[in-house]
Amino acid sequence: MSMDTDILIAGAGPTGLVLAIDLARRGIPHRVVERSERGFPGSRGTGIQPRTLELFDDLGVIDAIMAGSGPVPTVQTWEGAERSEKWNLTESADASPAIPYPAARMLPQWRTVEILYARLEELGGRVDFSTELTGFTQDPDGVTGTLRHADGTEETVRAKWLVAADGGRSEVRQALGIPFTGEQVDSRPVLIADVLLEGPDRARIDGGHWHMWQKEESGFVALRPLEQVETVQVIAGFADDGKDIDLDTEATPEALGRLVAERTRLDLTISEVRWASAYRARMAMAERFRSGRVFLAGDAAHVHSPAGGQGLNTSVQDAYNLGWKLEAVLRRGAPDGLIDSYDTERTRIAADVLGLSTHIHQADVGNGGGRWRRGKETHQLTLGYREGPLTRELRRDVPEDALRAGDRAPDAPCQDASGAPVRLFDVFRGPHFTLLDLTGQAGDEPSAPELPDWVRTFRPQDPEGHAKAAYGSGLFLVRPDGYVGLATDDVRDVEAYVGLVAGAA
Ligand SMILES: Cc1cc2nc3c(=O)[nH]c(=O)nc-3n(C[C@H](O)[C@H](O)[C@H](O)COP(=O)(O)OP(=O)(O)OC[C@H]3O[C@@H](n4cnc5c(N)ncnc54)[C@H](O)[C@@H]3O)c2cc1C
């Protein structure tokens with residue numbers, strides 16, 4: 001049976017879109033199908049971590065993301081109708097040439113999705129909305145998916161690989177029978193909504209603050225004017241009485257307005273509810289992220305407590321890890337082991353991040369009405385693949401606290417061969433590998449061997465020593481997803497590593 005496309009992606013949330021953008025810029029045929037009529041309408045995952053900003057920089061959407069987003073607002077706590085304390089929820093990274101985006105940004109998820117979709121279209125890609133993947137079978141050569149369109153018609157599509165980016169309730173994961181194990185992190189239900197807030201006290205709910213009433217007996221409420229739009233995000237907690245929140249009755253403008261007025265004691269009303277959802281915080285992770293020719297990515301593979309803003313961020317990093325590996329297998333005959341490393345690398349990261357978000361959630365609960373804290377560990381800048389199957393640290397006597405193979409490849413301002421200023425992130429930007437040569441003196445002949453065109457060699461001039469300070473000495477092969485795959489002093493190791501990720505020795 002002939003192939004209709006190389007990659008079928010189910011779901012056009014942040015995960016599916018990031019993968020589609022990465023594949024589009026690589027010129028890999030793919031098809032994205034999305035069950036809903038248009039993109040996701042809610043604010044939901046608003047916290048974009050520094051590591052995700054780096055990914056967005058690489059994919060060419062950073063200007064739109066920075067322009068549309070705002071800093072993490074200061075928390076303003078209230079006691080009834082009076083302001084109480086102000087505190088910072090998050091910690092920024094120390095300003096350094098190695099970290100161009102030291103602080104998280106806030107942007108409603110529907111805007112992030114819109115920006116990603118616009119980028120996909122700019123690259124010539126698109127999403128088939130109102131198109132649901134209703135079933136699939138797989139064989140050694142590919143996957144056959146059944147699609148149902150809005151008018152009820154069905155279509156069969158044949159692809160080499162299927163990526164399930166179909167969210168926490170992933171039907172693909174269920175069909176594969178992959179166990180999704182975890183626990184409820186908090187049994188108390190939470191309602192989240194985007195609303196138009198009005199009334200005489202509306203002006204007191206100013207932007208730049210996350211307004212919180214933490215000590216209400218009936219449950220907390222938080223109001224946050226969203227970045228550059230007219231809507232305000234309402235988050236309201238409820239006692240656990242065993243019942244689920246009924247959105248039809250509790251997320252109406254009247255009911256939600258009453259709740260906000262009662263808990264804030266401010267003269268506030270709600271004229272419109274644009275989007276509402278309810279959840280109980282839980283964490284769960286798929287036992288494996290790959291089954292034959294099918295991959296699970298994003299929420300389909302792991303769901304988090306929203307505390308600490310890790311879900312969307314971990315999800316898009318799954319896609320970023322997978323895109324270049326799919327190209328290597330499709331175009332360069334890379335071995336199955338390369339594509340299998342997606343599972344090994346990302347299950348480890350997901351397990352760590354799930355531990356972190358659960359810990360933050362429990363600390364918030366334990367802290368009751370006190371100050372919540374999100375430290376630098378939420379930035380995802382220190383996550384990496386040191387123990388991963390694609391990591392080769394071959395230098396001797398590397399100091400304990402130095403960068404090692406497997407770590408995130410840091411940025412550094414330096415100069416190119418002509419002396420023009422350039423940042424390493426400018427050099428890394430794009431779908432290629434970069435061989436960063438920090439072995440010798442400026443002006444020496446490059447020590448790199450003949451390399452394929454998907455590996456670019458860069459020997460920076462480093463008058464201020466920022467590159468050396470960040471990396472140390474040696475040859476560093478930087479993966480397209482911004483991690484150091486190989487660190488060595490011996491140029492012959494580079495050829496061997498190229499063989500590892502491309503299949504040819
Ligand atoms: C209250 C709340 C707050 C949050 N805050 C944060 C935060 O601050 N930071 C953060 O990082 N994360 C946060 N998250 C998590 C974040 O929203 C998710 O991790 C993120 O949406 C995952 O993206 P995804 O693309 O994997 O899945 P989704 O966004 O769920 O997208 C899946 C898509 O697949 C489509 N689909 C499903 N089945 C099919 C099918 N069979 N065929 C075709 N299409 C299908 C769906 O319609 C959907 O559009 C929060 C979550 C909640 C609930």
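All ligand and atom numbering here is 1-based and tracks the order in the structure. What you see is a predicted model, and the numbers here were worked out from it, not measured in a lab.
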Inset, instruction - Taking salt bridge (charged side-chain N to carboxylate O under 4.0 Å, His left out) as the test, write out the residues that go with Asp206, two or more places apart. - result: Arg83

Inset, instruction - Would you list the pairs meeting salt bridge (charged side-chain N to carboxylate O under 4.0 Å, His left out) in which at least one residue belongs to residues 49-71, sequence neighbours left out? - result: Arg25-Asp58, Arg51-Glu54, Glu54-Arg408, Asp57-Arg429

Inset, instruction - Enter the distance from Leu383:CG to Gln317:CD here, rounded to the nearest 0.5 Å. - result: 8.0 Å

Which pairs of nitrogen or oxygen atoms, taken one from ligand 1 and one from the protein, are under 3.5 angstrom apart?
from, atom 1, to, atom 2, distance (Å)
ligand 1, 5 (N), Arg44, O, 3.4
ligand 1, 8 (O), Thr46, N, 3.4
ligand 1, 8 (O), Gly47, N, 3.0
ligand 1, 9 (N), Gly47, O, 3.3
ligand 1, 11 (O), Gly309, O, 3.4
ligand 1, 11 (O), Gly311, N, 3.2
ligand 1, 11 (O), Leu312, N, 2.6
ligand 1, 11 (O), Asn313, N, 3.0
ligand 1, 11 (O), Asn313, ND2, 2.7
ligand 1, 12 (N), Gly311, N, 3.4
ligand 1, 12 (N), Leu312, N, 2.8
ligand 1, 17 (O), Arg44, NE, 3.0
ligand 1, 17 (O), Gln109, OE1, 2.8
ligand 1, 19 (O), Asp299, OD1, 2.7
ligand 1, 19 (O), Asp299, OD2, 3.4
ligand 1, 19 (O), Gly311, O, 3.4
ligand 1, 19 (O), Leu312, N, 3.1
ligand 1, 21 (O), Arg44, NH2, 2.8
ligand 1, 21 (O), Gln109, NE2, 2.8
ligand 1, 25 (O), Pro14, N, 3.2
ligand 1, 25 (O), Thr15, N, 3.0
ligand 1, 25 (O), Thr15, OG1, 3.2
ligand 1, 26 (O), Thr15, OG1, 2.7
ligand 1, 26 (O), Asp299, N, 2.9
ligand 1, 29 (O), Arg44, NH2, 3.3
ligand 1, 30 (O), Arg44, NH2, 3.3
ligand 1, 38 (N), Arg35, NH2, 3.1
ligand 1, 41 (N), Leu133, O, 3.0
ligand 1, 42 (N), Leu133, N, 3.0
ligand 1, 44 (N), Arg35, N, 3.0
ligand 1, 47 (O), Glu34, OE2, 2.6
ligand 1, 49 (O), Glu34, OE1, 2.7
ligand 1, 49 (O), Glu34, OE2, 3.1

Inset, instruction - May I ask you to establish whether Arg224 and Trp210 are in a cation-pi arrangement, using a distance under 6.0 Å from NZ or CZ to the six-membered ring centre and at most 45° from the ring axis? - result: yes

Legend entry - Nearest-0.5 Å distance, OG1 of residue Thr347 to CG of residue Leu354: 11.0 Å

Can you list, pair by pair, the side-chain donor-acceptor contacts under 3.5 Å of residues 110-117, counting residues two or more places apart and other chains?
from, atom 1, to, atom 2, distance (Å)
Arg111, NH1, Glu114, OE1, 2.6

